[in-house]
A.B. asks: 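Please read through the structure below; I'll follow up with questions.
Numbered from 1 within each chain, the chains take letters A, B, ... in sequence-line order. Computed from a predicted model, the values in this text were never measured in an experiment.
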Amino acid sequence: MSSLEEQLFEQRKNKLKEWTVKAENPYWTQFTPRNTAIELQGEYARLEKGTKTDKNVEIAGRIIAERKHGKAGFFDLKDATGSIQIYLRADGLGEKYELLHHLDLGDIIGVKGTVFKTRTGQLSIEARGLYLLAKCLRPLPEKWHGLQDIELRYRQRFLDLLVNPQVKDTFLRRVEIIRATRSYLDEKGFTEVETPMMQLIPGGATARPFMTHHHALNENFYLRIAPELYLKKLVTGGLENIYELNKNFRNEGMDRFHNPEFTMLEVYSAYKTYRDMMNLTTQLVCQVTKQIKGTWKIKYQGQEINLTPPWQCITFQAALEEIGGVKVDLESEEEIRRIAQEKELPVEGLSKAQLLEHLLDRQVVPRIIQPTFIMDYPYETAPLAKRKKDNPSLVERFELFVATQEVANAYSELNNPIEQRERLNKVVKDKTMLDEDFLQALEYGLPPTAGLGVGIDRLVMILTDSPSIRDVILFPQMRPRNPE
RNA sequence: GGGCCGUUAGCUCAGUCGGUAGAGCAUCGGCCUUUUAAGCCGAGGGUCGCAGGUUCGAUCCCUGCACGGCUCACCA
């Protein structure tokens with residue numbers, strides 16, 4: 001901490017002490033505001049310039065700007081709803097006026113006073129009572145440019161929220177998106193469930209998990225990488241239309257599109273297929289978008305995106321060929337390997353499925369801007385998906401891509417326990433990581449079921465025009481700062 | 001983990017072709033009772049991310065490290 005920083009801190013602590021001695025102790029002061037900025041701004045929008053009212057109001061908030069003029073002055077007070085100007089006069093405030101120099105930008109105060117409009121037309125409250133409710137002991141970031149330092153914005157999100165108005169908008173938008181998602185599913189008759197975050201066997205995907213230890217059980221647990229297997233157990237148990245909307249944890253690299261903990265929606269519906277899920281996905285995204293944006297034509301990072309249904313739908317093979325310019329026989333591992341090499345993709349030690357996905361990720365996905373379903377993947381890419389009846393080398397799977405990002409992934413779930421065991425055996429190298437409980441649930445009979453996963457953070461990014469996943473997660477993961 | 005880039009006052013940013021740094025906001029003092037990025041006068045505030053090296057001299061050049069951004073790898 002530099003000397004200036006200490007100096008500012010000390011100055012403000014002294015002001016706090018002075019206030020406590022000469023007025024009240026802020027941390028014991030009771031003040032419950034009866035009014036909000038937005039309410040007053042609305043109610044008095046048409047008040048004539050230069051008019052006083054005898055309306056008494058009580059409002060609380062943070063001082064975000066001050067303009068003092070000797071024996072009078074103005075504060076801009078910001079509460080949760082907006083901001084309003086406070087007018088302070090020596091005659092109106094009496095002794096308290098002398099204490100004004102103990103207040104700083106950032107202090108949280110309560111104001112009692114009357115509503116009026118200045119001669120320049122600014123709605124204001126003339127203060128008759130003024131109470132310090134919490135002292136801001138550190139200087140706020142600059143009022144005009146806000147907080148620009150990206151690292152500080154993520155590490156001290158409270159400051160980011162305080163001084164960068166669009167940040168709060170984004171996170172309020174996020175809440176709306178999640179709320180709209182829930183209400184869509186609830187209205188469709190789905191039941192929200194909660195399954196374990198701590199799992200003995202991390203299943204449903206193959207990412208590296210985070211590990212933790214349960215002392216009483218003396219057992220290692222993993223933070224879930226997906227809720228999928230538990231949700232299918234519930235479908236077996238007769239909860240046939242369910243969803244879960246919560247965190248997953250993956251111990252992988254971090255970048256603009258990946259945070260170690262992220263929010264996933266998974267939906268399962270019995271007696272449905274991936275085709276039904278395609279419709280559900282379209283409806284869900286369209287309804288949420290309409291509700292949030294009021295239109296299906298949105299802008300993401302300068303690009304026009306048109307979410308008006310129906311969306312383009314193309315098979316995996318056709319996508320490789322028509323979008324990626326890669327004509328390949330999906331059956332021929334040699335050919336796939338050769339083409340991957342030609343495209344300068346890593347091939348060493350990679351399976352056919354991995355090669356195919358790399359081809360898709362590299363050649364196709366970066367070219368997809370408009371919403372596009374890619375469907376009918378090679379069966380090796382999805383061991384939990386059901387094969388196509390007329391072409392068993394493919395599975396009933398689709399992914400939705402928007403703005404070069406994967407947003408959703410869905411299958412007709414494989415419900416044949418014998419085939420499921422075989423296919424998992426091929427993929428899961430460590431047999432203790434084979435979820436026998438899940439296989440047993442299938443053995444009791446999982447109805448034909450369709451499952452869907454939607455990356456909520458990515459959806460929020462697109463609908464809030466945010467370039468990085470860290471812009472839509474309140475406290476994104478950061479490397480701890482080394483103590484000096 | 002690799003590559004590229006960044007880190008200067010509390011905040012937002014200049015700058016030094018190598019001679020220990022400036023502005024605006026904020027802060028402190030003075031004037032000002034309808035201002036609104038209030039105004040005017042004055043003042044204080046910096047181990048230029050950290051540690052080494054080269055040099056008479058480094059904030060600037062070199063190396064290493066830390067943190068961050070982008071990107072590649074990883075992530076069925």
A.B. asks: Rounded to the nearest Å, what distance is computed from the CZ atom of residue A/F9 to the C1' atom of nucleotide B/C28?
C.D. replies: 18 Å

A.B. asks: What is the distance from NZ of A/K68 to P of B/U34, rounded to the nearest Å?
C.D. replies: 16 Å

A.B. asks: Just call it for A/A65: base, sugar-phosphate, or nothing, with non-hydrogen atoms closer than 4.0 Å on any strand.
C.D. replies: nothing

A.B. asks: Which part of the nucleic acid does A/E10 contact within heavy-atom distance under 4.0 Å: base, sugar-phosphate only, or nothing?
C.D. replies: nothing

A.B. asks: Is there a Watson-Crick or G-U wobble partner for B/C56 with both distances under 3.5 Å, and which nucleotide is it?
C.D. replies: B/G19

A.B. asks: Classify A/G73 by what it touches in the nucleic acid, base, sugar-phosphate, or nothing, heavy-atom distance under 4.0 Å.
C.D. replies: nothing

A.B. asks: Indicate whether any N or O donor in one side chain lies under 3.5 Å from an N or O acceptor in the other, for A/R67 and A/Q85.
C.D. replies: yes

A.B. asks: Using a 4.0 Å heavy-atom cut-off across all strands, classify A/V163 as base, sugar-phosphate, or nothing.
C.D. replies: nothing

A.B. asks: Looking only at atom C1', what distance separates B/A9 and B/U20, rounded to whole Å?
C.D. replies: 16 Å

A.B. asks: For a quick check of understanding: with a heavy-atom distance under 4.0 Å over all strands, which category does A/R153 fall into, base, sugar-phosphate or nothing?
C.D. replies: nothing

A.B. asks: Under 4.0 Å, counting only non-hydrogen atoms across every strand here, what does A/K49 touch: a base, just sugar-phosphate, or nothing?
C.D. replies: nothing

A.B. asks: Toward the 5' end of RNA chain B, which comes first, A/P141 or A/L105, by nearest nucleotide?
C.D. replies: A/P141

A.B. asks: Between B/U36, B/C67, B/C70, which nucleotide has the shortest distance from any of its atoms to the side chain of A/Q122?
C.D. replies: B/U36

A.B. asks: So for atom CD, which belongs to A/E95, do other residues, nucleotides or ligands contribute more than 12 heavy atoms lying within a distance under 6.0 Å?
C.D. replies: no

A.B. asks: Check the distance between B/C75's P and A/L355's CG and give it to me in whole angstrom.
C.D. replies: 12 Å

A.B. asks: Would you mind classifying the nucleic acid contact of A/R423 as base, sugar-phosphate or nothing, using non-hydrogen atoms under 4.0 angstrom?
C.D. replies: nothing

A.B. asks: Touch check for A/H101, heavy atoms < 4.0 angstrom, all strands: base, sugar-phosphate only, or nothing?
C.D. replies: nothing

A.B. asks: Roughly how many Å is it from CD in A/E66 to C1' in B/A37, rounded to a whole number?
C.D. replies: 13 Å

A.B. asks: Starting from the 5' end of RNA chain B, give me the residue, A/P139 or A/G121, whose nearest nucleotide shows up first.
C.D. replies: A/P139

A.B. asks: Whole angstroms only, please: what is the CH2-C1' distance between A/W144 and B/A23?
C.D. replies: 18 Å

A.B. asks: Give A/E380 one of three labels, base, sugar-phosphate or nothing, depending on what nucleic acid heavy atoms sit under 4.0 Å from its own.
C.D. replies: nothing

A.B. asks: Under 3.5 Å for both donor-acceptor distances, Watson-Crick or wobble: does B/C67 have a partner, and if so which one?
C.D. replies: B/G6

A.B. asks: So what does A/G204 hit on the nucleic acid, given a heavy-atom distance under 4.0 Å: a base, only sugar-phosphate, or nothing?
C.D. replies: base

A.B. asks: Under 4.0 angstrom, heavy atoms only, what part of the nucleic acid is A/L147 near: base, sugar-phosphate, or nothing?
C.D. replies: sugar-phosphate

A.B. asks: Looking across every strand, which nucleic acid part, if any, lies under 4.0 Å from A/R208 by heavy atom: base, sugar-phosphate, or nothing?
C.D. replies: nothing

A.B. asks: Counting the atoms with a prime plus P, OP1 and OP2 as sugar-phosphate, which does A/D149 contact under 4.0 Å by heavy atoms, base, sugar-phosphate, or nothing?
C.D. replies: sugar-phosphate

A.B. asks: The side chain of A/A207 is closest to which nucleotide in this list: B/U34, B/C75, B/A37?
C.D. replies: B/C75

A.B. asks: Have a look at A/Y154 and say if it touches a base, only the backbone sugar-phosphate, or nothing, with a 4.0 Å heavy-atom cut-off.
C.D. replies: sugar-phosphate

